[in-house]
Asks: 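Sharing a structure with you now.
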Amino acid sequence: MGIASGIVLFMVVWFMTFLVVLPLRIQTQGEAGEVVPGTHSGSPEKHHLKKKALIVTGISAVIWSILAYIIITGTITVRDIDMFDRMGPATEEAS
């Protein structure tokens, strides 16, 4: 895995994790009892984005390191997930 593909993998993992964590522990304006005129009562009052971004960065680093280890060591390859044998038989090159 190259540097660029490692960065892209981290960004994908980070954004996927962020989208999972984003709706957790949001206090809406309706729950706070102070709805700003012109907004929906389900709009967030307190979203804690900075705290969530830091937590997601730590979680993503752990997930990324596991995925990077699996990719670099070749523990799971593309042939392992080829359920319909579309890649054909594996051939080993002679040294």
Asks: Could you give me the CA-CA distance, side-chain angles and deciding distance for V56 and K51, then say whether side-chain contact (heavy atoms from CB on, under 4.5 Å) is met?
Replies: CA-CA 9 Å; V56 165; K51 184 177 179 181; over 6 Å; no
Asks: Roughly how far, to the nearest 0.5 Å, is CD1 of I71 from CD1 of I66?
Replies: 12.0 Å
Asks: Treating Ile, Leu, Val, Met, Phe, Trp and Tyr as nodes and any side-chain heavy-atom pair under 4.5 angstrom as an edge, say whether L9 and I76 lie in one connected cluster.
Replies: no
Asks: Just grab all the side chain to side chain donor-acceptor pair (under 3.5 Å) pairs involving residues 65-85, residues at least two apart or on different chains.
Replies: T73-T75, T77-D80
Asks: Starting at CE of M16, measure out to OG of S60 and round the result to the nearest 0.5 Å.
Replies: 10.0 Å
Asks: Measuring from atom CG of L19 to atom CH2 of W14, what distance do you get when rounded to the nearest 0.5 angstrom?
Replies: 8.5 Å
Asks: According to a hydrophobic-cluster definition based on side-chain heavy atoms being under 4.5 Å apart (Ile, Leu, Val, Met, Phe, Trp, Tyr only), do F18 and I63 belong together?
Replies: yes
Asks: For a quick test of reading the model, state the closest non-hydrogen atom pair linking S41 to V35 and the distance between them.
Replies: CB-CG2, 4.1 Å
Asks: Checking K52 side chain against L24 main chain: does a donor-acceptor pair fall under 3.5 Å?
Replies: yes
Asks: Can a donor-acceptor pair be found, under 3.5 Å and without considering hydrogens, that links the side chain of W64 to the backbone of G6?
Replies: yes
Asks: Check for me, please, whether M11 and V62 land in the same ILVMFWY cluster - side-chain distances under 4.5 Å, paths through other members count.
Replies: no
Asks: So does I3 have more than 12 non-hydrogen atoms from other groups sitting under 6.0 Å from CD1?
Replies: no
Asks: My understanding is that only one of V13, T17, V20 makes a side-chain contact (heavy atoms from CB on, under 4.5 Å) with I59; could you say which?
Replies: T17
Asks: What's the shortest heavy-atom distance between P44 and Q29, and which atoms?
Replies: O-NE2, 4.0 Å
Asks: From H48 NE2 over to I55 CD1, what is the distance, rounded to the nearest 0.5 angstrom?
Replies: 10.0 Å
